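Computed from a prediction, not measured in an experiment: that's the story for all the values here. Throughout, a chain's letter reflects where its sequence line sits, starting with A, and its residues are numbered from 1.
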Amino acid sequence: MNPVYTPLRKLSESIKNREVSPVELAETFLERLETHGPPLNAVVTLTKERAIKQAKRAEEEIKKGKAKGPLHGVPWGGKDLLATAGIPMTWGAAPLRDQVFDYDATVVKKLEDAGAVLLAKLAMIELAGGMGYRQPNASFTGPCATPWSQGHWSGGSSSGSGAAVGAGLVPFAIGSETWGSILSPANNCGVSGLRPTYGRVSRHGAMALSWTLDKLGPLCQTADCCGIVLEAIAGHDPKDQTTSKRPYRYALKRDGLRVAVPKGVTDGVAEPVSRNFDEAMRAVGRFAEVEEIEFPEFPYEAVTRTILNAEAASAFDEFTEQGLARGLTAPECRYGPYARTAVLAKDYLKALRLRERMARIAEDVMEQYDAVAAPSRGTTVPEIDKEFRKVTPGTTRDIMGALGNGAGLPAISVPSGFDGNGLPTGIQFMGRAYGENGVLSVAVEYQSRTEWHTVHPAKFTP
Amino acid sequence: MDSEEAEILFSLVKEKYGDKITDEELDEVKKAVERIVETSMELRKVELGNWDEPFSVFKPYRRDEE
């Protein structure tokens with residue numbers, strides 16, 4: 001049994017049936033991380049000792065017939081902003097490369113309780129992009145490449161989480177999203193990435209960029225795998241007051257799926273992305289009712305941008321005051337934190353007041369649908385050595401990103417095909433608050449009718 | 001965009017952090033402050049009622065109610 005690129009459901013079954021052991025799995029993926037991680041700049045720290053210990057424990061438990069569930073014995077990697085006791089957590093930033101915490105983040109604990117095996121802390125954009133990076137080279141571990149091309153970017157800020165899953169270096173990874181940081185690497189690395197509803201997953205022990213926007217979520221081979229991981233990490237946590245008390249069980253809806261497409265959603269979008277989106281929607285139309293919708297005019301981006309700027313200014317106040325930004329990698333990040341100290345309190349509060357109106361707009365427009373579909377990104381995968389603004393002239397609006405993150409809505413990005421250079425494109429399905437099962441139902445059904453998620457980069461395929 | 005407001009806010013930033021940034025970087029910071037003011041202007045255009053509260057609720061804390 002070759003575990004690389006094997007979806008979680010099948011991998012779990014092989015572990016349960018003892019066709020493959022957790023220790024063998026840990027060793028296989030650790031070796032892949034050691035070999036392929038460095039050229040991609042995808043790995044910060046291997047957690048070998050902890051991994052072998054966890055894998056041996058899982059193996060013993062399974063031998064004794066004490067199987068815990070679908071993640072028991074399954075290796076994973078975490079974005080290097082999740083606290084892991086005694087192991088460095090760098091937040092991707094050179095000035096913090098020796099930072100060590102003495103506790104585990106709740107998500108790390110939950111995965112340990114589920115029997116999963118932590119293999120590595122994965123690369124990320126410095127401070128999760130909170131300093132306003134404009135290029136892939138914005139991490140002390142170097143620019144992270146997509147497994148599809150050494151010359152193109154993995155996406156960010158959960159760069160290593162996307163690249164490691166895309167290259168088959170871990171079966172799944174955890175990333176975080178404030179605005180685009182799970183969907184972008186999922187898109188660029190050709191994997192499935194789920195941004196849960198705000199408050200669905202505890203952020204205790206994770207770096208804060210913007211307290212009311214940050215979410216943690218999985219990046220996996222398939223949408224189905226994302227549902228499995230979400231069920232393991234979701235839930236109320238007294239250590240994170242924003243977590244919801246609504247229980248989460250991953251369950252798919254098979255019939256009566258309804259998908260909406262915002263009017264003009266491909267305006268200004270790169271041609272290959274738009275073409276693949278149209279093709280994907282034809283596939284969606286074969287199993288779901290598809291309708292066009294329109295979001296009313298509203299300053300979506302201004303609301304979410306103002307909240308992000310103000311909260312990041314406060315979250316990194318000490319970092320900024322101590323002048324630590326000078327040690328960051330991207331030149332623009334070295335002065336990035338200063339301008340946002342100029343956001344006025346009244347404007348931040350206005351944004352928070354408008355947020356309720358924005359959330360109501362989302363509910364009014366999306367209530368009848370399981371998902372709203374759009375291209376995951378408006379552009380093709382950027383080159384690794386160029387500034388974003390130079391490769392993507394002009395600005396396209398990101399209403400889906402602003403509304404989705406500002407209102408705390410779940411979304412998943414899954415592969416929708418390739419561009420002329422063989423680089424992946426993605427389609428996103430965004431749902432109502434707590435509507436993860438709706439977006440997962442659409443994405444799982446879409447993947448059961450398409451094969452993009454089963455195509456892997458030849459260089460990494462064993 | 002209100003260029004006077006942007007100028008005033010930029011002066012504050014420059015006064016507070018000018019010693020941490022180069023002249024070239026200051027130009028970039030100025031542009032960023034202008035973008036922030038522009039964004040704020042978009043928000044200010046939307047009228048709200050006095051009763052429209054921020055979408056976050058403060059809850060007084062007691063350990064036994066965690």
Interatomic distance, CG@B:L9 vs OG1@A:T341, rounded to 0.5 Å, equals 9.0 Å
query = Should the heavy atoms of other residues, nucleotides or ligands under 6.0 Å from NZ of A:K109 be counted, would the total exceed 12?
reply = no
Rounded to the nearest 0.5 Å, the CD atom of B:E42 sits from the OH atom of A:Y300 at a distance of 12.5 Å
Residue set satisfying ring-ring contact (aromatic ring centres under 6.0 Å, His included) with A:Y198, at least two apart, ordered chain then number -> none
inquiry  = Do A:L344 and B:S40 have side chains that approach each other closer than 4.5 Å (heavy atoms only, starting at C-beta)?
reply    = no
Closest non-hydrogen contact found for A:E356 with B:F55 is CA-CD2, 3.4 Å
Sorted by chain and residue number, the ring-ring contact (aromatic ring centres under 6.0 Å, His included) partners of A:Y248 (sequence neighbours excluded) come out as none
Max heavy-atom pairs within cutoff under 4.5 Å with chain A, candidates B:L43, B:D52, B:T39, B:V46, goes to B:L43
Would you call A:R305 and B:E38 a salt bridge, using N to O less than 4.0 angstrom? no
A:E363 meets the salt bridge (charged side-chain N to carboxylate O under 4.0 Å, His left out) criterion, sequence neighbours left out, with A:R432
So, the part of A:E332 with a heavy atom under 4.5 Å from chain B: the answer is neither
For residues 13-20 of chain B against chain A, heavy atoms under 4.5 Å, the residues are B:V13, B:K16, B:Y17, B:K20
If one checks every heavy atom of B:E5 against chain A at 4.5 Å, the contacting part turns out to be side chain
Here the gap from B:I36 atom CD1 to A:N309 atom CG, rounded to the nearest 0.5 Å, amounts to 4.5 Å
Applying a strict 4.5 Å limit to non-hydrogen atoms, the region of A:A325 in contact with chain B is neither
Turns out that what part of A:R326 lies under 4.5 Å from chain B's heavy atoms comes down to side chain
Honestly, the part of A:R357 sitting under 4.5 Å from a heavy atom of chain B is side chain
Has A:K350 got a side-chain atom pairing as donor or acceptor with B:L48's backbone, closer than 3.5 angstrom? no
(message) So for atom CD, which belongs to A:Q99, do other residues, nucleotides or ligands contribute more than 12 heavy atoms lying within a distance under 6.0 Å?
(response) yes
CG (A:L349) and CD (B:E53) are apart, to the nearest 0.5 Å, by 11.5 Å
Margin query: Within the supplied structure, the quantity of interest is the number of heavy atoms (other residues, nucleotides, ligands) at a distance under 6.0 Å from B:R44 CZ; does it exceed 12?
Written below: yes
Honestly, the part of A:T320 sitting under 4.5 Å from a heavy atom of chain B is both
| Would you find more than 12 non-hydrogen atoms of other residues, nucleotides or ligands less than 6.0 Å from A:Q241 atom CD? | no
